[in-house]
Amino acid sequence: MARHNREGEGTDQRGFNYTINYPPDWLRHVKVGRSLPSGRQSTMILFRNPARHRMRSPGDRIRTRIQCPDQGVDLEVVLHDPDGRTRRAQVSCWVPNPDGPGEEEVVFTLENGLPPAP
């Protein structure tokens, strides 16, 4: 039986703070990708699960929520994965451009990979 979600925090390349509600036995980390003012693409780990191993089966429903009120981000990703085959999921959204008018794309990558407890 899967355990209840946990909550963590992270800060992206531009200093925006995020809250991550995550399944403790599935999520290894969340990466965030975005364009920097220089035009260069940047990807970084936004949040890393402090657990080194999963304690139980993650269950067949994986639910992760990412929130950043300063950017108006409040998204929830729900995966139905009864066979436990999903390793990575990506979701992108548009947020207000902090450098001026318009919007910019932010890409979140949710990655599995916690090994079973020894």
Side-chain angles (χ1 to χ4, degrees):
M1 181 172 178
R3 296 186 294 160
H4 292 288
N5 274 13
R6 304 290 189 265
E7 196 164 279
E9 297 177 342
T11 304
D12 73 4
Q13 301 93 321
R14 293 192 181 238
F16 290 105
N17 296 313
Y18 291 80
T19 301
I20 315 294
N21 184 283
Y22 66 98
D25 297 306
W26 186 86
L27 187 73
R28 183 176 58 168
H29 60 247
V30 175
K31 291 182 182 177
V32 60
R34 65 188 318 150
S35 295
L36 298 178
S38 66
R40 190 174 66 88
Q41 291 285 348
S42 174
T43 301
M44 67 175 282
I45 293 179
L46 177 65
F47 170 77
R48 186 181 312 270
N49 187 342
R52 298 235 190 266
H53 298 90
R54 64 178 183 245
M55 301 305 291
R56 296 187 189 152
S57 167
D60 64 353
R61 184 165 302 207
I62 308 301
R63 183 177 49 85
T64 304
R65 185 175 185 186
I66 300 172
Q67 296 175 291
C68 178
D70 291 339
Q71 293 190 302
V73 173
D74 187 355
L75 61 92
E76 187 172 58
V77 177
V78 180
L79 300 169
H80 179 69
D81 186 21
D83 296 326
R85 296 185 183 272
T86 303
R87 298 290 178 253
R88 179 180 300 125
Q90 276 191 332
V91 62
S92 68
C93 62
W94 291 93
V95 298
N97 185 348
D99 296 326
E103 296 179 312
E104 69 174 341
E105 183 180 28
V106 177
V107 179
F108 299 100
T109 304
L110 314 174
E111 293 200 23
N112 184 6
L114 286 179

Residues pairing under salt bridge (Lys or Arg N to Asp or Glu O under 4.0 Å) where one sits in residues 108-118, two or more places apart or in two chains, turn out to be Arg28-Glu111, Lys31-Glu111, Arg88-Glu111

Residue pairs passing the ring pair (Phe, Tyr, Trp, His ring centres under 6.0 Å) test with at least one member in residues 67-89, sequence neighbours excluded, are none

Those residues at least two apart in sequence (or on a different chain) that pass side chain to side chain donor-acceptor pair (under 3.5 Å) with Asp99 are Arg14

Nearest heavy-atom approach of Arg6 to Pro24 is CG-CB, 3.7 Å

Applying side chain to side chain donor-acceptor pair (under 3.5 Å) to Thr64 and not counting sequence neighbours gives none

When rounded to the nearest 0.5 Å, the distance separating OG1 of Thr109 from CD1 of Ile45 is 10.5 Å

**Prompt:** Glu104 versus Pro98: any side-chain heavy-atom pair under 4.5 Å?
**Reply:** yes

Besides Met44, the hydrophobic cluster formed by Ile, Leu, Val, Met, Phe, Trp and Tyr side chains linked at under 4.5 Å, directly or via other members, contains Phe16, Tyr18, Ile20, Tyr22, Trp26, Leu27, Val30, Val32, Leu46, Phe47, Ile62, Ile66, Val73, Leu75, Val77, Leu79, Val91, Val95, Val106, Phe108, Leu110

So CD of Glu9 and CD of Gln67: to nearest 0.5 Å the spacing works out to 11.0 Å

Minimal heavy-atom distance between Gly33 and Gln13, with the atoms involved, is CA-NE2, 4.2 Å

Exercise. Quick one: are Gln41 and Val107 in side-chain contact, heavy atoms under 4.5 Å?
Worked result: no

| said: With no hydrogens and no angle check, just 3.5 Å: does a side-chain donor-acceptor pair link Ser92 and Glu105? | reply: yes

Residue set satisfying side-chain contact (heavy atoms from CB on, under 4.5 Å) with Asn21, at least two apart, ordered chain then number -> Asn5, Glu7, Arg63, Arg65

Heavy-atom donor-acceptor pair, Arg87 side chain to Gly84 backbone, under 3.5 Å: yes

